[in-house]
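What follows is a single structure, written as structure tokens, with notes after it.
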Amino acid sequence: MAASLSTLHLHHQLTFFRKPSLSLLNKSLRPTRITASLEFNITFAPPKPKPKLPANLQTDAASLSLPPGQLFIPWIVRGEDGNLKLQSNPPARLIHAIADAKTEPKKKKDKVKKESGGNVKAKQEVEPTRSKAARRFYNENFRDQAQRLSKVLAAAGVASRRSSEALIFEGKVTVNGSVCNAPQTRVDPGRDVIYVNGNRLPKKLPPKIYIALNKPKGYICSLGEKESKSVMCLLDDYFQSWDKRNPGLPKPRLFTVGRLDVATTGLIIVTNDGDFAQQIAHPSSNLSKEYIATVDGVVSKRHLFAISEGTVIEGVHCAPDSVELLPQQPDRPRPRLRIVVHEGRNHEVRELVKNAGLEIHSLKRVRIGGFRLPSDLGLGKHAELKQTDLKTLGWKC
């Protein structure tokens, strides 16, 4: 077997044994040799033809002489004759344009101007977009919450709270196109469309205003149109300059906090804040009020004791917090009493002095709570209260 295998040619020939059939199992096995020659004819696709340059560019490419190893970047430019040509250097006009170009970065203002269509101021005033959680926190803590419709009308200067309710009941007020007959309806002037007698209510309500007025004698604390000498007449100059100081905002509807009778002078607070007025004027606030009463005649200890004992006013016993006889001054021959009360009943000080057997010549209020009438504020003059002044009045703003 070894001698026969050595005679096989190994170049381009294969030798293998055929598997014996089942009928020849008892016979002797003889090897069978089969040779076959295999030929491999492998061909590759021809390379893609390279694009041929125009005739004028071929001559220019042949004329280019580059140092060995240098990267060649072809520049195809159009010459003055209008024909394309190939060169190794960029065009001269491109080099000059790059050299003359401004390389400074654009300012942020130019970007804002481009995005806003030229209106830079309007773009800067637009508040940036906040997340949903931030907007919810702002609306819950800082945004003005919805208020009663009658209160909104009063704050906008339409009428008083009661007169606004009458307008609502008469069907003269519409909210978002529908007639509203319920004064307690919650509305937001910034979102809801409110009309009163066909006039649109402004979206922005006037700001809260607090004014200290030195009321002269002969003026009453009434807002009626029939009253010719109301304390509001003393604020005409304030309303005349309102549009200059607060452009785009409606004029507020002011009213007095409490009242002083026509013969009493001194400190009176004027505001458009109903909550503030209710807290200051309500007897439950226990806000003390100081008066200077100038009386006729001679004041004795008996008079002071009678005043301190108090009297009954409207079925309620009222007594002052303190009574003091002030030192007599040369320019003021009549005696003066300093009386401090906190209940604020109608004509309380006058009734206390009258019950003691004295007659009042003049009465002036000089203090409410911790706020005292400024000494430099003349009769009929007014001054806006500051935040510190409101705190002395017990108001948490």
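With no hydrogens or angles considered, a side-chain donor-acceptor pair links Ser288 and Arg367 at under 3.5 Å. Using a 3.5 Å distance cut-off with no hydrogens or angles, the side chains of Thr264 and Arg350 do pair a donor with an acceptor.
Between the CG atom of Asn346 and the CD1 atom of Ile313 there is a distance of 8.5 Å, given to the nearest 0.5 Å. Taking NE2 of His347 as the start and CG of Leu260 as the end, the distance is 10.5 Å to the nearest 0.5 Å. Taken to the nearest 0.5 Å, the OG1 atom of Thr294 stands 6.5 Å off from the CZ atom of Arg336. Here the CD1-OG distance, from Ile307 to Ser322, works out to 11.5 Å after rounding to the nearest 0.5 Å. Leu352 contributes atom CG, which lies 11.0 Å from atom OH of Tyr291 (distance to the nearest 0.5 angstrom).
If you chain together hydrophobic residues whose side chains sit under 4.5 Å apart, Leu325 and Val295 fall into the same group.
Here the options are Thr271, Asp273, Asn272, the test is side-chain hydrogen bond (donor to acceptor under 3.5 Å, both in side chains), and the partner is Tyr210; only Asp273 passes. Checking Ile269, Thr256, Leu234, Leu254 one by one against Leu213, the side-chain contact (heavy atoms from CB on, under 4.5 Å) holds for a single residue, Leu234.
The heavy-atom pair separating Leu153 from Val173 by the smallest distance is CD1-CG2, 4.0 Å. Closest approach of Asn214 to Leu377, counting heavy atoms only: ND2-O, 2.8 Å. Nearest heavy atom pair, residue Val257 against residue Ile268, reads O-CD1, 3.7 Å. Asn246 approaches Pro207 most closely through the heavy-atom pair OD1-CG, 4.5 Å.
Taking a cutoff of 4.0 Å between a charged side-chain nitrogen and a carboxylate oxygen, Lys208 and Asp275 do not qualify as a salt bridge.
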